[in-house]
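Some notes on the structure that comes next.
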Amino acid sequence: TVMCHKPTDVIVSFGMNDVNRGLYSGSLDAKVASEKREAMERSVDALGSIIKELKKRNVRVSVMTPTPYDALTMSEQTALIGVDVALRELSDWFLMTAAQMSICAVDMNMKFYEHLKNTNRAGLQIIKNDRVHPNEYGHELMAQIFLKEQGFDLEITEDKDALSQI
């Protein structure tokens with residue numbers, strides 16, 4: 001647990017495992033649909049509980065939505081059906097929860113997705129071939145987006161050479 005370190009600030013983020021990525025193999029079964037909904041509800045409930053506990057301990061909390069699932073890039077990894085939509089829905093729930101609880105939120109999902117579209121056209125990959133995890137440049141881009149959203153004055157770049165200088 002992070003609390004043993006007595007943090008003053010915590011960034012909370014969820015991702016693929018929290019929407020149960022295994023449920024997105026293409027089944028439209030009613031049971032699978034119910035399990036997807038339950039996974040989403042558990043994640044939203046968990047976020048609320050985490051925020052409440054951190055605030056109770058006077059920790060400043062920020063929420064960062066998950067990076068998107070990359071269904072755009074050509075990859076040997078078969079694209080999971082609908083998981084990108086589930087991550088966007090989770091992001092929307094997280095943004096609403098953050099607003100209701102009056103805490104800072106960074107919509108990494110939407111901002112990263114916009115860069116994902118641009119970098120794919122430019123030939124720069126920012127997500128690993130697993131379609132889930134940001135690579136080295138993706139993590140640098142995430143840092144830029146997060147800092148800019150926190151009010152730091154910087155130019156967000158998709159240039160590979162510029163990213164490698166960060």
Side-chain angles (χ1 to χ4, degrees), residues 1-2 7 9-27 32-55 59-75 77-120 124-150 152 156-158 163 166:
T1 173
V2 70
D9 296 76
V10 171
I11 302 164
V12 181
S13 186
F14 285 46
M16 284 289 292
N17 293 332
D18 301 297
V19 296
N20 196 345
R21 86 184 267 179
L23 297 173
Y24 294 88
S25 60
S27 174
V32 171
S34 175
E35 290 174 350
K36 288 176 181 178
R37 177 62 37 215
E38 289 170 10
M40 187 75 65
E41 289 171 0
R42 275 192 309 273
S43 294
V44 173
D45 290 346
L47 176 68
S49 296
I50 291 167
I51 292 170
K52 286 177 188 169
E53 183 62 30
L54 290 168
K55 287 180 94 174
V59 175
R60 188 172 36 206
V61 184
S62 296
V63 170
M64 184 172 72
T65 65
T67 56
Y69 177 77
D70 183 5
L72 301 173
T73 303
M74 295 299 290
S75 173
Q77 182 79 22
T78 303
L80 298 174
I81 299 167
V83 76
D84 52 340
V85 175
L87 288 170
R88 182 66 245 162
E89 183 180 347
L90 182 67
S91 296
D92 291 341
W93 278 107
F94 278 21
L95 293 169
M96 186 172 66
T97 300
Q100 289 170 345
M101 299 180 97
S102 301
I103 62 169
C104 173
V106 175
D107 191 355
M108 189 63 69
N109 185 276
M110 184 60 73
K111 294 184 182 317
F112 200 85
Y113 180 76
E114 291 302 317
H115 289 281
L116 183 62
K117 290 189 310 189
N118 293 339
T119 55
N120 279 353
L124 173 63
Q125 191 172 347
I126 57 175
I127 300 259
K128 293 180 180 179
N129 288 334
D130 66 2
R131 298 180 179 271
V132 177
H133 299 98
N135 64 17
E136 171 187 0
Y137 300 112
H139 279 110
E140 291 170 358
L141 183 59
M142 285 176 69
Q144 289 181 29
I145 292 168
F146 186 82
L147 291 171
K148 182 138 181 111
E149 289 295 306
Q150 299 303 307
F152 287 83
I156 295 178
T157 182
E158 296 163 356
L163 282 172
I166 296 173

Self-check item: Side-chain heavy-atom pair Q125, D70 within 4.5 angstrom cut-off
Solution: no

Quiz item: Between L80 and R21, is any pair of side-chain heavy atoms under 4.5 Å apart?
Solution: yes

Exercise. Work out which heavy atom in I127 is nearest to a heavy atom in L116; give both atom names and the distance.
Key: CG1-CD1, 3.9 Å

Self-check item: Smallest separation among heavy atoms of A98 and A105, with atom names
Solution: CB-CB, 3.7 Å

Quiz item: Between the main-chain N or O of A86 and the side-chain N or O of K36, is there a donor-acceptor pair closer than 3.5 Å?
Solution: no

Quiz item: About how many Å separate CD1 of I50 and OG1 of T97, when rounded to the nearest 0.5 Å?
Solution: 11.5 Å

Practice problem: Measure the CD1-NZ distance between I103 and K55 for me, rounded to the nearest 0.5 Å. | Solution: 6.5 Å

Quiz prompt | Heavy-atom closest pair, residues Y24 and V83 | solution = CD2-N, 3.6 Å

Quiz item: Taking atom NZ of K52 as the centre, does the number of heavy atoms from other residues, nucleotides or ligands within less than 6.0 Å exceed 12?
Solution: no

Quiz item: About how many Å separate CD of Q150 and CD1 of I11, when rounded to the nearest 0.5 Å?
Solution: 7.0 Å

Quiz item: Under a 4.5 Å cut-off applied to non-hydrogen side-chain atoms, are M64 and M142 in contact?
Solution: yes

Quiz item: At what distance, to the nearest 0.5 angstrom, does CE of M108 lie from OG1 of T67?
Solution: 8.5 Å

Quiz item: Looking at CD of E136 and NZ of K128, how far apart are the two atoms once the value is rounded to the nearest 0.5 Å?
Solution: 10.0 Å

Self-check item: Sub-4.5 Å side-chain heavy-atom contact between F112 and T65
Solution: no

Quiz item: So do L47 and V63 actually touch side chain to side chain, heavy atoms under 4.5 Å?
Solution: yes

Exercise. Find the distance between CG (D18) and CZ (R42) and round it off to the nearest 0.5 Å.
Key: 9.5 Å

Under 3.5 Å, which donor-acceptor pairs do the side chains of residues 88-96 form with other protein atoms, sequence neighbours left out?
from: R88; atom 1: NE; to: D92; atom 2: OD1; distance (Å): 3.2
from: R88; atom 1: NH1; to: D107; atom 2: OD1; distance (Å): 3.0
from: R88; atom 1: NH1; to: D107; atom 2: OD2; distance (Å): 3.3
from: R88; atom 1: NH1; to: N109; atom 2: OD1; distance (Å): 3.1
from: R88; atom 1: NH2; to: D92; atom 2: OD1; distance (Å): 2.6
from: R88; atom 1: NH2; to: D107; atom 2: OD2; distance (Å): 3.0
from: E89; atom 1: OE2; to: R37; atom 2: NH1; distance (Å): 3.0
from: E89; atom 1: OE2; to: R37; atom 2: NH2; distance (Å): 2.9
from: S91; atom 1: OG; to: L87; atom 2: O; distance (Å): 2.8

Exercise. Can you spot which of D130, N129, N135 makes a side chain to side chain donor-acceptor pair (under 3.5 Å) with H133?
Key: D130

